[in-house]
Amino acid sequence: MSDSPILTEQRDGYRVITLNRPDKLNAFNDAMHAALREAVDAAEADETCRALLITGAGRGFCAGQDLADRVAKPGEKIVLGVTLEQYYNPLVRKLRALPFPVIAAVNGVAAGAGCNVALACDIVLAARAATFVQSFARIGLVPDSGGTWLLPRLIGEARARALALTAEPISAEKAENWGLIYKCVDDAALLPEAEKLCAQFAKAPTAGLALIKQAFAASPTNTLDAQLDLERDLQRQAGFNPDYAEGVRAFMEKRKPNFIGRKKSE
Ligand code: LHQ
């Protein structure tokens with residue numbers, strides 16, 4: 001297998017990105033950050049790409065920041081905020097804003113920023129063997145990569161605070177039961193299920209799905225009133241999309257729709 005820290009595979013209508021530092025449980029170093037950014041940007045630039053699948057090589061999904069890269073010598077002050085500003089924050093913002101669904105297939109342990117990058121994806125599937133751990137508190141850090149924002153929204157403040165403060169790992173099954181992730185599946189079913197979902201998205205009305213992402217992005221800070229207005233505006237936009245007309249026509253004609261996805265017109 002290639003020793004590149006990120007592997008990208010093109011499928012029919014979607015891409016698969018594999019975090020590839022298996023010996024380090026796919027912990028992020030600078031090279032992996034750079035390669036991931038490039039791979040995500042390339043997926044965004046390709047209008048035939050209508051979904052993105054992110055998974056990990058080997059037995060882990062991602063163990064967060066490579067701590068060997070961030071060892072402080074006695075008396076030295078390491079400015080960790082720069083790492084967030086430079087890498088994790090742009091990554092999380094980008095994943096949330098991509099104009100197509102992003103699916104995390106969490107194959108093994110997801111720790112620290114590795115956990116929160118997975119949770120930032122639109123849909124999280126996990127193998128039964130996977131675990132989720134907010135490991136930050138073990139080394140005196142604060143959950144980052146959106147963890148303190150996402151966790152209370154996904155699982156409620158009581159569980160979020162406890163996971164962040166204790167760094168207790170939770171199983172994929174518990175993560176599903178708590179609503180932290182979408183679904184826990186048998187280990188062997190993880191990639192087939194994730195790819196099936198991506199194949200479905202590869203034929204979906206992608207521009208409409210991008211508007212759904214926009215609606216969810218705005219929802220946590222909007223009042224109901226403001227969200228109703230936003231839904232009106234987004235629906236207006238969706239209605240102008242050729243895929244809406246095609247969806248309705250296909251329904252009336254009792255046939256499968258042929259959506260153009262991210263293309264402007266066919
Ligand atoms: C690792 C790592 C790792 C290097 C496993 N680094 N080698 C943002 C801003 C800037 C700086 C700081 O951080 C952040 C965000 C963050 O992500 S902070 C949180 C960083 N991550 C962690 O604290 C998790 C550290 N890892 C662990 O606690 C364990 O490895 C977990 C629970 C993930 C898995 O445990 P095990 O299954 O028992 O595996 P292991 O510990 O034996 O790890 C296997 C190998 O991977 C081992 O290397 P070795 O050469 O001894 O076989 C580890 O050293 C290496 N590894 N995580 N983050």
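Numbering starts at 1 and runs along the sequence shown. Counting starts at 1 for both ligands and their atoms, following the listed order.
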- Query: E44 and salt bridge (Lys or Arg N to Asp or Glu O under 4.0 Å): which partner among K94, R50, R262?
  - Reply: K94

- Query: Should the pair F28 and H33 be assigned to parallel (<30°), tilted (30 to 60°) or perpendicular (>60°) ring geometry?
  - Reply: parallel

List, for ligand 1, each N/O atom that has a protein N/O partner under 3.5 Å away, with both atom names and the distance.
unit_1   : atom_1 : unit_2 : atom_2 : d
ligand 1 : 6 (N)  : L67    : N      : 2.9
ligand 1 : 17 (O) : Q65    : N      : 2.9
ligand 1 : 17 (O) : A113   : N      : 3.0
ligand 1 : 21 (N) : A63    : O      : 2.9
ligand 1 : 37 (O) : R59    : NH1    : 2.9
ligand 1 : 37 (O) : R59    : NH2    : 3.4
ligand 1 : 39 (O) : R59    : NH2    : 3.0
ligand 1 : 46 (O) : D23    : O      : 3.4
ligand 1 : 58 (N) : A63    : O      : 3.1
ligand 1 : 58 (N) : Q65    : O      : 2.8

- Query: Considering residues at least two apart in sequence or located in another chain, which fulfil the side-chain hydrogen bond (donor to acceptor under 3.5 Å, both in side chains) criterion with R255?
  - Reply: E246, E253

- Flag the pair R128 and D186 as a salt bridge only when some basic side-chain nitrogen lies within less than 4.0 angstrom of an acidic carboxylate oxygen. yes

- Over 12 non-hydrogen atoms of neighbours within 6.0 angstrom of CZ in R161: no

- For Q65 and Y88, does a side-chain donor sit closer than 3.5 Å to a side-chain acceptor? yes

